[in-house]
Amino acid sequence: MHRVRLVGLALSVSAVAASLTGCSVIAAFTPHVDSAIYADAKEFTATATSAFGSPAFVPDDATIIRVDYDTQGKGAILTYTSKTHFKAGTCTKATKMQKPDIQDSWWPVNGIPDQGVSCPAGWTAFAAGDQIYASTLTSPRR
């Protein structure tokens, strides 16, 4: 009888260990993306954006700021509306646009242009009229 209990206990422990391992495997393939929406640049503070790095290039007239960011530090995408496009003195040098790993329904469906501008902290951006799109391949880890 003692042997039967030991076998039952061993099977129970094995089943629990297998299910926990399965959760870890599933978590490894689950996207770690969070998102945020800010009404305007006043809400877009360094504290509010600490999870993905505060893009210093966002101008004071920016509205409807949307961001998706990887919680494990693997990048972010950002969009906002602005007549001035960027803060003065930022995002002035032409560069090749980075292809972000993160996608969302608001990110351009037809892809991004080959050329954009280099912005502070590793961001690249481009304008489509007064709509600005920006991406970075790395972001601070939470």
Side-chain angles (χ1 to χ4, degrees), residues 3-142:
R3 202 175 250 178
V4 171
R5 285 187 189 158
L6 286 177
V7 170
L9 179 62
L11 289 174
S12 296
V13 170
S14 296
V16 169
S19 65
L20 290 177
T21 302
C23 290
S24 298
V25 170
I26 290 169
F29 294 102
T30 303
H32 305 280
V33 177
D34 279 344
S35 62
I37 300 174
Y38 306 89
D40 55 34
K42 290 176 189 164
E43 289 184 9
F44 200 66
T45 64
T47 302
T49 62
S50 64
F52 55 87
S54 182
F57 56 89
V58 176
D60 292 338
D61 71 337
T63 58
I64 310 175
I65 305 165
R66 298 180 66 126
V67 65
D68 286 1
Y69 59 95
D70 187 299
T71 61
Q72 296 186 341
K74 296 180 182 165
I77 56 175
L78 168 77
T79 189
Y80 58 88
T81 303
S82 167
K83 295 257 184 232
T84 58
H85 294 189
F86 307 105
K87 274 190 180 170
T90 65
C91 307
T92 57
K93 184 180 173 189
T95 191
K96 181 174 174 38
M97 275 302 296
Q98 338 177 77
K99 181 175 178 359
D101 291 330
I102 300 171
Q103 297 292 308
D104 201 332
S105 60
W106 50 262
W107 191 253
V109 267
N110 294 330
I112 57 176
D114 290 335
Q115 291 293 311
V117 290
S118 176
C119 299
W123 289 81
T124 58
F126 67 94
D130 287 336
Q131 191 67 35
I132 309 304
Y133 297 92
S135 65
T136 182
L137 301 181
T138 60
S139 58
R141 292 185 186 266
R142 277 181 126 176

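Residue numbers count from 1 along this sequence.
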Out of curiosity, [X] [atom1] to [Y] [atom2], how far, rounded to the nearest 0.5 Å?
X: Tyr69; Y: Thr136; atom1: OH; atom2: OG1; result: 14.5 Å
X: Gln115; Y: Lys96; atom1: CD; atom2: NZ; result: 7.5 Å
X: Ile37; Y: Trp106; atom1: CD1; atom2: CH2; result: 9.5 Å
X: Thr84; Y: Ile132; atom1: OG1; atom2: CD1; result: 8.0 Å
X: Phe57; Y: Thr90; atom1: CZ; atom2: OG1; result: 7.5 Å
X: Lys87; Y: Cys119; atom1: NZ; atom2: SG; result: 12.0 Å

Subject >> Residue of the set Val117, Leu137, Leu78, Ile77 for which side chain to side chain contact (heavy atoms under 4.5 Å, CB included) holds with Trp123 >> reply: Leu78
Subject >> Set of residues satisfying side chain to side chain contact (heavy atoms under 4.5 Å, CB included) with respect to Thr95, sequence neighbours excluded >> reply: Ser118, Thr124
**OP:** Could you pull out all residues at least two apart from Tyr133 that satisfy ring pair (Phe, Tyr, Trp, His ring centres under 6.0 Å)?
**Re:** Trp107, Phe126
**OP:** I would like to know whether Ile65 and Val58 meet side chain to side chain contact (heavy atoms under 4.5 Å, CB included); could you show each step before the answer?
**Re:** CA-CA 9 Å; Ile65 305 165; Val58 176; 4.1 Å; yes
Taking the side chain from [X] and the backbone from [Y], do they hold a donor-acceptor pair closer than 3.5 Å?
X: Asp61; Y: Lys83; result: yes
X: Thr79; Y: Arg66; result: no
X: Gln98; Y: Gly122; result: yes
X: Tyr80; Y: His85; result: yes

**OP:** Decide yes or no on side chain to side chain contact (heavy atoms under 4.5 Å, CB included) for Thr92 and Phe86, but give the supporting numbers first.
**Re:** CA-CA 9 Å; Thr92 57; Phe86 307 105; over 6 Å; no
Subject >> More than 12 heavy atoms from other groups under 6.0 Å of CG on Asp104 >> reply: yes
Original post:
Between Pro120 and Cys91, which heavy-atom pair has the shortest distance, and what is it?
Top reply: CD-SG, 4.2 Å
Original post:
Excluding sequence neighbours, so at least two apart, what forms side chain to side chain donor-acceptor pair (under 3.5 Å) with Thr81?
Top reply: Gln131
